[in-house]
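Reading through the structure tokens given below for one structure.
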Amino acid sequence: ARPGANLTGFTSITVELAGKRLELLKEIVPNLSLVALLWNSQFPDSARASKLYQAPARELNLQLHSMEVTSPDKFESAFKEAIKARSGALAMTAGAFLAADANQKRIADLAVKYRLPAISDRDDFVANGGLMSYGADDSERFKRVAVFVEKVLKGTKPADIPVEQPTKFEFFINLKAAKQIGLTIP
């Protein structure tokens with residue numbers, strides 16, 4: 001409510017939605033027990049994000065298979081290991097590396113190739129051929145930031161403007177990707 005100093009903003013709570021993404025995977029994948037978790041140790045928040053998947057996974061009776069990937073040439077081997085471990089789905093943590101269009105396209109293609117239902121926090125993952133995304137509505141964040149800028153320009157100190165969390169969330173499903181991996185969406 002009072003960020004202090006000269007700071008305010010709008011958080012995306014991306015990592016905090018990890019449990020919801022796992023819940024959605026479990027809902028569409030019959031008998032899901034093992035989820036591959038794709039993350040990049042070079043992204044500072046990725047280690048924390050991968051840990052935030054642990055508690056919801058336990059609550060949902062899911063186990064996680066870690067897929068730490070730090071470069072695009074490691075994607076294929078990570079998917080092979082996930083399949084060897086008998087992963088039934090894939091969840092992705094946040095980060096610029098995994099969010100890059102070329103990498104999202106590669107991940108989506110490999111998910112289809114290995115018939116792994118995949119979910120991301122970013123809607124552009126679905127636009128790049130991925131199966132599902134669930135996260136905060138980005139347009140809401142940009143509109144709220146404009147309100148913050150207006151307040152600051154009118155003299156309000158940033159320290160007096162509460163940090164906000166999203167109130168609108170988006171869930172996208174790519175039915176073409178579902179068909180390609182032989183998945184029926186309930």
Side-chain angles (χ1 to χ4, degrees), residues 12-40 43 45-69 72 74-76 78-83 85-138 141 166 168-186:
S12 65
I13 68 169
T14 298
V15 282
E16 289 80 359
L17 295 173
K20 183 64 177 176
R21 285 189 283 281
L22 289 176
E23 186 180 315
L24 290 165
L25 281 172
K26 188 160 184 167
E27 190 171 322
I28 68 154
V29 180
N31 304 316
L32 182 64
S33 60
L34 182 64
V35 176
L37 182 62
L38 182 60
W39 65 289
N40 176 0
F43 180 63
D45 208 29
S46 201
R48 181 177 84 88
S50 65
K51 288 178 184 168
L52 284 175
Y53 273 88
Q54 299 295 330
R58 279 191 302 277
E59 289 174 20
L60 294 165
N61 293 319
L62 294 172
Q63 292 185 343
L64 297 175
H65 171 78
S66 179
M67 288 175 60
E68 182 183 356
V69 176
K74 306 280 189 216
F75 284 134
E76 181 97 32
F79 271 84
K80 286 179 181 177
E81 289 176 27
I83 294 302
R86 299 190 185 271
S87 296
L90 170 76
M92 298 166 47
T93 62
F97 169 70
L98 296 178
D101 277 348
N103 290 341
Q104 284 187 19
K105 178 76 174 123
R106 180 76 175 130
I107 293 164
D109 290 347
L110 287 168
V112 168
K113 177 180 178 179
Y114 290 100
R115 301 174 61 90
L116 258 177
I119 192 166
S120 172
D121 64 307
R122 301 179 55 90
D123 59 350
D124 50 349
F125 175 66
V126 173
N128 280 307
L131 177 64
M132 296 187 304
S133 70
Y134 181 79
D137 178 352
D138 284 335
R141 182 175 20 176
K168 291 174 63 181
F169 301 90
E170 297 178 314
F171 177 51
F172 293 96
I173 299 177
N174 180 338
L175 294 177
K176 181 180 174 188
K179 185 176 181 179
Q180 287 176 315
I181 62 176
L183 183 67
T184 302
I185 303 296

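Since the structure is predicted, the reported quantities are computational estimates derived from the model, not experimental observations.
- In this structure, Phe79 CZ and Leu38 CG are separated by 6.5 Å, a value rounded to the nearest 0.5 Å.
- The side-chain heavy atoms of Ser66 and Leu37, taken from C-beta on, include no pair separated by under 4.5 Å.
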Leu131 and Ile28: CA distance, side-chain angles, deciding distance, side-chain contact (heavy atoms from CB on, under 4.5 Å) verdict: CA-CA 11 Å; Leu131 177 64; Ile28 68 154; 3.8 Å; yes

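- Note that CD1 of Ile173 and CD1 of Ile185 are 5.0 Å apart. Values are rounded to the nearest 0.5 Å.
- Contacts classified as side chain to side chain donor-acceptor pair (under 3.5 Å) and involving residues 93-103 (residues at least two apart or in different chains) are given here: Ser46-Thr93, Asp101-Asn128.
- Listed here is the closest heavy atom pair of Leu64 and Ala57: CG-CB, 3.9 Å.
- Partners of Glu81 by salt bridge (charged side-chain N to carboxylate O under 4.0 Å, His left out), not counting sequence neighbours: none found.
- Checked against salt bridge (charged side-chain N to carboxylate O under 4.0 Å, His left out), Lys74 has no partners two or more places apart in sequence or in another chain.
- No salt bridge links Glu23 with Lys26; every basic N to acidic carboxylate O contact stays at or beyond 4.0 Å.
- Counting heavy atoms from C-beta outward, Ile107 and Leu90 have side chains that approach closer than 4.5 Å.
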Could you tabulate the donor-acceptor pairs under 3.5 Å formed by side-chain atoms of residues 112-119, not counting sequence neighbours?
{"from": "Lys113", "atom 1": "NZ", "to": "Glu76", "atom 2": "OE2", "distance (Å)": "2.8"}
{"from": "Tyr114", "atom 1": "OH", "to": "Glu76", "atom 2": "OE2", "distance (Å)": "2.4"}
{"from": "Arg115", "atom 1": "NH2", "to": "Ile181", "atom 2": "O", "distance (Å)": "3.0"}

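- The minimum heavy-atom distance linking Ala18 with Leu52 is given by the pair CB-O, 4.1 Å.
- Going from atom OG of Ser120 over to atom CZ of Arg21 covers 7.0 Å, rounded to the nearest 0.5 Å.
- Within the structure, salt bridge (charged side-chain N to carboxylate O under 4.0 Å, His left out) pairs that include any residue of residues 169-186 do not occur (at least two apart or interchain).
- Ala36 and Ser87 make their closest contact through CB-OG, 3.7 Å (heavy atoms, listed as atom of the first residue, atom of the second, distance).
- Applying the salt bridge (charged side-chain N to carboxylate O under 4.0 Å, His left out) rule to pairs touching residues 89-100 yields nothing, sequence neighbours excluded.
- Atom CD in Gln180 sits 8.5 Å away from atom CG in Asp109 (nearest 0.5 Å).
- Residues Leu17 and Phe169 form a side-chain contact, since some pair of their non-hydrogen atoms from C-beta on lies under 4.5 Å apart.
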Test side-chain contact (heavy atoms from CB on, under 4.5 Å) applied to Met67 and Phe75, step by step: CA-CA 9 Å; Met67 288 175 60; Phe75 284 134; over 6 Å; no

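- Salt-bridge formation is detected for the pair Asp138/Arg141: a Lys NZ or Arg NE/NH1/NH2 atom is positioned less than 4.0 Å from an Asp or Glu carboxylate oxygen.
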Leu98 and Phe125: CA distance, side-chain angles, deciding distance, side-chain contact (heavy atoms from CB on, under 4.5 Å) verdict: CA-CA 9 Å; Leu98 296 178; Phe125 175 66; over 6 Å; no

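- The main-chain N or O of Leu34 is never found under 3.5 Å from a side-chain atom of Gln63 such that the two would form a donor-acceptor pair.
- Summarising the geometry, atom CG belonging to Leu110 is positioned 10.5 Å from atom NZ belonging to Lys105; distances are rounded to the nearest 0.5 Å.
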